[in-house]
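Notes follow the structure.
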Amino acid sequence: MSRKPIIAGNWKMNLLQSDAKALFDGISSFVSNYTATQLPTVIIAPVFTSLNQVHAIPCDCGCGGNKLSIAGQNCHWEKSGAYTGEVSVEMLKDAGCSYVIIGHSERRQYFSETDEMINKKAKAILANGLIPIICCGETLEQRESGVTDTWLASQIRAALKDISSEDVAKSVIAYEPIWAIGTGKSCDAQEANRTIKMIRKTVADVAGQSAADSIRILYGGSVKPATIEEQMSMSDIDGALIGGASLKADSFNEIIEKTMKVAAV
Ligand code: 13P
C-alpha cells in the first residue's frame, strides 16, 4: 500500500506577518524546484492572522496537485454565530486552507478540548470538503504506566465516531507523544512505528481495512532533519507534523528533501 508522505509544519503561536511571509517565501522557492508528484504533500499551518501572507501553490505540470497547501491550527464546528474568538471551517476555507489541525495536545491541555469537541470539528471539516489532521498522544506518565495503547485507541475511536469510512480514508492522524513535543527527545522510530501500527489497527476496527490502508498517519515530536530519514523509512509512518524545525526554511526544506530521498528508495 503506497501512501503519499506528508510533511506538515505547525507554526503554533509564532511569527508576525512579516516573519511568516519570509518563511513562506523560503519554503515556496524550494518547492518550486519540483513537481507536486515529486514532493510529499507539503503543508504549513500559520497563525490565523498570517493566513493572508501565505497561499497554496498549485502544481503547473498538469497533475492537479499542490506543491504547498495551507492548514488552519484549529476551528469551531459551527458555521458562524456568537462564538467570540473562534473561526469556522468555512472561514478557513475562504482564507485558503485545505487542511485543519485538530485535537493538538496543547489545545486539549490548555484549552480543555474534549474528544467530543474534536469529533464535532472533524465532521465539520469533512462536511466542508477540507481534511482534518487529528492529533493524539499520551503523556509520559501514561506511557510509563503502560496505558499508551488503550489511551490512544480511545482518542481515535472518539475522534472518528460516526464518520463514514470514505471520510476516514481521506483524513490524516498525527501521533504526537506529549513527552516528545518540544523536548528535543524524539520517540524511538521503531516504537513510533509500532504505536502507529496499533493506531492503524484501531482505524481498521472503526472504519474497515480499506480506510486503515489509505489513512495517512504522521509522527510528531521533536522531528528534525537528523531524525526524518529513519522515521520515514518505517513501514507505517506516513510523514511528520513538525513544530520547532518548521520555523526555519532551511530545516523544513531539508526535511522535505530527505523525505523525497527516502520515498524514492
Ligand atoms: P516539535 O516539533 O517542536 O516537538 O512540535 C511538535 C508538534 O507539536 C507539532 O504539532
Side-chain angles (χ1 to χ4, degrees), residues 5-15 19-20 23 27 40-48 50-51 54 68-75 92 97-111 113 118 121-122 125 131-140 142-143 148 151-152 155-156 159 171-189 191-193 195-196 199 216-232 234 237-259:
I6 295 180
I7 295 299
N10 175 7
W11 294 0
K12 306 193 180 183
M13 196 174 75
N14 291 296
L15 310 179
D19 307 313
L23 178 54
I27 297 166
T41 301
V42 180
I43 304 169
I44 53 170
V47 293
F48 298 142
S50 290
L51 285 173
V54 305
L68 182 64
S69 299
I70 310 299
Q73 292 183 17
N74 181 32
C75 67
L92 290 175
C97 296
S98 49
Y99 293 82
V100 189
I101 299 171
I102 52 171
H104 193 283
S105 59
E106 288 150 15
R107 295 218 54 89
R108 294 180 190 254
Q109 190 180 346
Y110 307 134
F111 304 99
E113 285 199 4
I118 291 153
K121 291 178 190 210
I125 293 163
I131 298 177
I133 301 175
I134 303 164
C135 303
C136 62
E138 81 287 358
T139 61
L140 187 58
Q142 286 172 320
R143 179 158 280 274
T148 297
W151 172 254
L152 294 173
Q155 284 190 321
I156 293 306
S171 299
V172 177
I173 291 174
Y175 166 56
E176 300 204 308
I178 296 169
W179 48 272
I181 296 178
T183 58
K185 262 199 299 180
S186 253
C187 178
D188 171 75
E191 174 54 20
N193 195 50
T195 311
I196 286 177
I199 293 171
R216 289 179 286 177
I217 309 183
L218 318 181
Y219 167 76
S222 299
V223 173
K224 297 183 277 289
T227 65
I228 192 69
E229 282 163 297
E230 189 186 11
Q231 287 154 343
M232 288 309 301
M234 296 288 142
I237 301 182
D238 300 324
L241 181 57
I242 303 146
S246 75
L247 293 173
K248 293 267 184 307
D250 283 357
S251 50
F252 191 64
N253 293 342
E254 193 177 343
I255 289 171
I256 299 170
E257 196 169 27
K258 289 186 163 163
T259 298

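Ligands are counted one by one from 1 in listed order, and the atoms in each one are counted from 1 as well.
- Counting atoms of ligand 1 from 1 in the listed order, those under 4.0 Å from a heavy atom of Ile181 are 4 (O), 5 (O), 6 (C), 8 (O).
- Pairs engaging residues 174-189 under the side-chain hydrogen bond (donor to acceptor under 3.5 Å, both in side chains) rule: His104-Glu176, Glu138-Tyr175, Glu138-Trp179, Arg143-Tyr175, Ser186-Gln231 [sequence neighbours left out].
- Under 4.0 Å from ligand 1, heavy atoms of Leu241 appear from its side chain as well as its backbone.
- For the side-chain contact (heavy atoms from CB on, under 4.5 Å) with Pro132, the lone residue among Ile125, Val172, Val100 that qualifies is Ile125.
- Backbone and side-chain nitrogen or oxygen atoms of Ala245 are examined, and none is located within less than 3.5 angstrom of a nitrogen or oxygen of ligand 1.
- Residue His104 places at least one N or O, backbone or side chain, under 3.5 Å from an N or O of ligand 1.
- Residue contacts with ligand 1 include Ala180, since one of its heavy atoms falls under 4.0 Å from the ligand.
- A distance-only check finds no donor-acceptor pair linking the side chain of Tyr99 to the backbone of Ile101 [under 3.5 Å].
- From the protein, the heavy atom lying nearest to atom 2 (O) of ligand 1 is Gly243 N, 2.9 Å.
- The stretch residues 240-251 participates, sequence neighbours left out, in no salt bridge (Lys or Arg N to Asp or Glu O under 4.0 Å) pair at all.
- Close approach of ligand 1 to Glu176 is summarised as follows: ligand atoms under 4.0 Å from at least one heavy atom of the residue are 6 (C), 7 (C), 8 (O), 9 (C), 10 (O).
- By the 4.0 Å heavy-atom criterion, Gly182 is counted among the residues contacting ligand 1.
- In terms of protein heavy-atom proximity, atom 3 (O) of ligand 1 is nearest to Gly244 N, 2.8 Å.
- You'll find the side chain of Arg216 reaches within 4.5 Å of the side chain of Thr41, heavy atoms only.
- Side chain of Arg108 to main chain of Gly103: a donor-acceptor pair is present (N/O by atom type, distance under 3.5 Å, no hydrogens or angles).
- The shell of residues lying under 4.0 angstrom from ligand 1, judged by heavy atoms, includes Lys12.
- Listed for the Trp151 side chain is a donor-acceptor partner under 3.5 Å among the backbone atoms of Gly137.
- Using a non-hydrogen distance threshold of 4.0 Å, Gly221 registers as a contact of ligand 1.
- Between Ser222 and ligand 1, at least one pair of N/O atoms sits closer than 3.5 Å.
- A donor-acceptor pair under 3.5 Å is formed between the side chain of Ser222 and the backbone N or O of Ala180.
- With Asn10 contributing its side chain and Gly243 its backbone, the two residues share no donor-acceptor pair below 3.5 Å.
- Shown in contact with Asn10 at under 4.0 Å from a heavy atom are these atoms of ligand 1, numbered in order with element: 9 (C), 10 (O).
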